[in-house]
Amino acid sequence: MLGAVVDLPGTGGVVLTGRLARTVQPWLADHAVFDTVLVPGTGLVELALRAGDQVGCPVLDELTISAPLVLPTDGGLALRVTVDAADDGGARTLGIWSRADDAADGTDWTRHAEGVLVREAAADPAAADLTEWPPAGAEPVDLDGLYDRLRDQGYGYGPVFQGLRAVWRRGDGDAAEIWAEAALPEVAAADAPRFLLHPALLDAALHANLVDEGADDTPLPFSWRGVTLHAAHAASLRIRISPATGDKLAVTVADGHGNPVATIDQMVVRPVAADALDAAARSQHRHLYEVQWQPVPTPDAVADGWTLVDVDAELPDPAPDTVVVALDPPGTPPAAVHEATARLLGLLRRWLTHPGYAHSTLALLTRDAVGAGDTPVDPASAALWGLVRAAEAEHPGRFVLVDADRVDPDGAGTAHLAAALATGEPEVAVRDGQLLVPRLARLGVDTAVDSPWPVDGTVLITGGLGGLGSLVARHLVTRHGVRRLLLTGRSGAATPGAADLVADLTAAGADVTVAACDVADRDAVAALLADRPLGAVVHAAGTAENALVDALTPDQLHRVLRPKVDAAWHLHDLTRDHDLTAFVLFSSSAGWAAGAGQGNYAAANLFLDALAQRRRADGLPATSLAFGLWATGTGMGGHLDETDLHRMRRLGMPAMSTDEGLALFDAAVTAGRATVVPVRVDLEALRRRTDALPAVLRGLVRTPARPTASATGATAGGPPLAQRLAGLSDADRETVLLDLVRTHAAAVLGFPGPASVEPGRAFKDLGFDSLAAVEFRNVLSTVTGLRLPATLVFDHPEPTALARALKAELVVPDADPAGAVLADLDRLEKALAEVPGDEYARLTARLEAVLRGWQDRAGRPDDDTPHDYESATDEELFDVLENELGIS
């Protein structure tokens, strides 16, 4: 479990590193308590003893477990064992730490145990001799059904941990002594030499202390004192467990022949609660995030001016550098949301399709659109941010969102707006003069509450007959014991698969009612809820109609808003007098990042996030789950093909499995937040991205401090591409740019490499769609430093044409033609040095002919026609010679 060892210079301390994961140590998955896989206490003892051997302190004087070491479902944990310098008596303090192995830079480590290592033990190895076996006077204990009973107590021991073979007891009650035999199963026995004392073997032997029937708690080891190892690598054990002082136990460990293996002076066990392990699992869940608004410094130099334009006005001509549009609070949803987003969409489309504004910045100024600080958030204004975020994802650098305390860009708020624009951030909130920016961060603080799902009350699930809604319906019944469900869909019982779903839920003990209801229709929702009190609501209904913002139509906007915005508002308003324990909204991470092509969907989901925040502020239950993509083939992700899934993986937000999504659903609902972002984030993929990261993801990874060479010959942070091209010949420039185009096209399309992109084949035939074209344009804009049009692959429909177009933009005509020729001559001189001697005569004749031609042109500037000596006839060559020599 541990690998590298690092000495800490100047301190005398040592750090041992390792990694834990179910794929690396699959045997750990066999140690579950209340369905939570965690490293056993014996595993922490093994880590501590390993560290002690490394520093010459082989005795574990004490070890106390402070937090369960929960193993994530996927991915792994980075492991650190720290050992401080020795004190005056030679003792060293020890700590065992972990964090997700793909944790964001700067993420805190969790300490799971602390202890002390010493050089010598007071234990006598002879006291661990158990050669007399079985002990005299001990009575055998029946182990039939033991692991079934333990499962009922919450222990989920798999085969590797079911190693207890026999148990004997002598005496009664608290004074009883216990002897036991344990062995590693064949599948794990080969691993024994890799451990000082295999954690699964010692843990299985200690199960002898759990054989009493009728136990109503679930004890686990909590602390250890005086652990001395006498021999290593045992594959079978004999142990004796005897009472020590108080609630402490003494443990003697021998090998299968009775020879001493270890002495444990004291071991303390404590009951563990399921809620505590659930909380630990949630606090360490690697895919549970929240959006934090973090302060940034106020720039010394600020923007010195802008043009203020009304949202419905025509854009001024000529185009100013910065245009500011103040968006007034839309009013009461849902009608106001439809009107305000449609007006904003009109502005965005005019902006994006106006050729004169390609190099200008549009700043949208809002009030109370985001939950930064204590200001109550306005859900209708939040929807506007979603639409602009999608436009920014499609056209990086052309938009800025500013949410201020007051919307008066031509009044007292001028200074704050100028400071926000000068930060270079695409999204800024101004609160009491402080500038705040959004950053996604892991939920590192456990604020868990009890499960909110009512056992007797009715749970309404909109969209509950298909997609994610049906998955949640099954989950609530089988996992949380919900017994009354009201499932809605526009087609009701006629929804494909509805009959099978209802049959399964009924067989599981649920009373299911199916209703055909358009939840975007207020009257229909009111009729649905009449005389039907609810205990909880899950709003999972929704639809998607993807389109780039500059092509998005008002009809597409309204069709996507209705089942999200209208329905959520009606449910919110019409359930005020219901005694709800949960009001859960299925939102989407598209509202925060990766929203390209989903402007309408992003707007709708940011409305849900803000509605949850407003409800919480009003004392009503609410949780909005801004889920990432589910790999279910249903719901919003059902229309995605492998190209789309590849795109999400490359952007660092891959799809999550159904099991993982449901586990995140449970963790998020009980996390105590209004808005939670359950999403898989691949930090290595984020680090590899060649385009600009969305603002909200920038806190998860650090950008490289120095340039990194790429396969294209470009370097991030190095000299501009145009500067590097300047020193090349024209042919070499085209080669470099074509390679750049093909390399990034292959990456966007998921091809193995640039060789898969034929230079003369049309981009559309290679597989480019509108989203791929946008991503490709954005990557090339970053690499080249050019602001390229969204129609790039349509204006230049194949790689060769695009490479030539880029060359025309990047290569400035040489103002020093003589200097360029001299550079070519330098390269020619180097090339000549490599030519074999037998080619001397032929090349000399050619060079002399070129020189004569140059002299001829220089002497006769009116005659710009060069001599073609290679194809000239003998008569023509004699004519040239006569002219050069002055012969008439």
Side-chain angles (χ1 to χ4, degrees), residues 1-25 27-28 38-72 75-120 191 193-199 224 227-229 232-233 284 286 442 444 682-684 686-688 700-706 708:
M1 294 189 286
L2 292 173
V5 181
V6 180
D7 293 322
L8 300 180
T11 69
V14 170
V15 176
L16 297 90
T17 67
R19 182 175 184 267
L20 296 175
R22 300 189 194 198
T23 54
V24 180
Q25 297 94 5
W27 56 272
L28 283 174
L38 67 155
V39 177
T42 54
L44 302 183
V45 170
E46 169 75 14
L47 293 171
L49 291 174
R50 283 283 185 185
D53 270 5
Q54 185 67 37
V55 299
C57 290
V59 178
L60 182 58
D61 190 53
E62 61 180 79
L63 184 73
T64 302
I65 299 173
S66 53
L69 181 45
V70 175
L71 207 60
L77 298 173
L79 193 63
R80 298 289 185 272
V81 179
T82 58
V83 183
D84 294 340
D87 63 15
D88 293 339
R92 292 172 174 258
T93 58
L94 165 115
I96 299 177
W97 310 74
S98 83
R99 71 177 185 182
D101 59 4
D102 64 350
D105 299 320
T107 300
D108 290 338
W109 293 78
T110 298
R111 186 174 64 187
H112 300 282
E114 52 189 331
V116 176
L117 296 166
V118 296
R119 294 173 182 168
E120 297 180 357
D191 286 340
R194 298 175 51 232
F195 297 90
L196 296 176
L197 181 52
H198 198 299
W224 314 70
V227 182
T228 305
L229 192 67
H233 315 316
Q284 296 185 34
R286 61 199 295 262
R442 275 199 175 95
D682 182 345
L683 298 183
E684 284 304 313
L686 291 187
R687 294 185 182 100
R688 291 194 300 267
L700 296 179
V701 294
R702 290 194 182 104
T703 54
R706 61 186 67 225
T708 302

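Values below: all heavy atoms of this structure, side chains included; hydrogens, waters and symmetry mates excluded.
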Asks: Provide the full list of side-chain hydrogen bond (donor to acceptor under 3.5 Å, both in side chains) pairs with a residue in residues 50-60, sequence neighbours left out, each pair given once.
Replies: Glu46-Arg50

Asks: In Å, rounded to the nearest 0.5 Å, how long is the span from CG of Leu49 to CG of Leu196?
Replies: 6.0 Å

Asks: What closest approach, in Å, do Met1 and Gly43 show between heavy atoms, and which atom pair accounts for it?
Replies: CE-O, 3.9 Å

Asks: Could you tell me which non-hydrogen atom of Pro199 sits nearest to which non-hydrogen atom of Trp27, and how far apart they are?
Replies: CG-CH2, 3.9 Å

Asks: In a check of side chain to side chain contact (heavy atoms under 4.5 Å, CB included) between Val15 and each of Asp7, Val5, Thr82, which one passes?
Replies: Thr82

Asks: Can you check whether Trp97 reaches Leu79 side chain to side chain, under 4.5 Å on heavy atoms?
Replies: no

Asks: Check the pair Val81 / Leu2 against side-chain contact (heavy atoms from CB on, under 4.5 Å), numbers first and verdict last.
Replies: CA-CA 9 Å; Val81 179; Leu2 292 173; 3.9 Å; yes

Asks: Please tabulate, one pair per line, all N/O donor-acceptor pairs under 3.5 Å involving side-chain atoms of residues 56-71, not counting sequence neighbours.
Replies:
| unit_1 | atom_1 | unit_2 | atom_2 | d |
| --- | --- | --- | --- | --- |
| Glu62 | OE1 | Arg225 | NH1 | 3.3 |
| Ser66 | OG | Arg111 | O | 3.1 |
| Ser66 | OG | His112 | O | 3.2 |

Asks: After noting the C-alpha distance and the side-chain angles of Leu16 and Val83, does the key distance pass the side-chain contact (heavy atoms from CB on, under 4.5 Å) rule?
Replies: CA-CA 8 Å; Leu16 297 90; Val83 183; 4.3 Å; yes

Asks: Between Trp109 and Arg80, does the side-chain contact (heavy atoms from CB on, under 4.5 Å) criterion hold? Intermediate values first, please.
Replies: CA-CA 9 Å; Trp109 293 78; Arg80 298 289 185 272; 3.2 Å; yes

Asks: Testing the basics here: between Gly76 and Ala21, what is the closest heavy-atom pair and its distance to 0.1 Å?
Replies: CA-CB, 3.8 Å

Asks: Working to the nearest 0.5 Å, report the span between CG of Leu38 and CG of Leu28.
Replies: 9.5 Å

Asks: Do Arg99 side-chain atoms and Leu77 backbone N/O form a donor-acceptor pair below 3.5 Å?
Replies: no

Asks: To the nearest 0.5 Å, what is the distance between CZ on Arg442 and CG on Leu700?
Replies: 8.0 Å

Asks: Find the distance between CZ (Arg92) and CG (Asp84) and round it off to the nearest 0.5 Å.
Replies: 8.5 Å

Asks: Once you round to the nearest 0.5 Å, how far does CZ of Arg19 lie from CD of Gln25?
Replies: 8.0 Å

Asks: Nearest 0.5 Å please: distance from the NE2 atom of His198 over to the CG atom of Asp191.
Replies: 5.0 Å

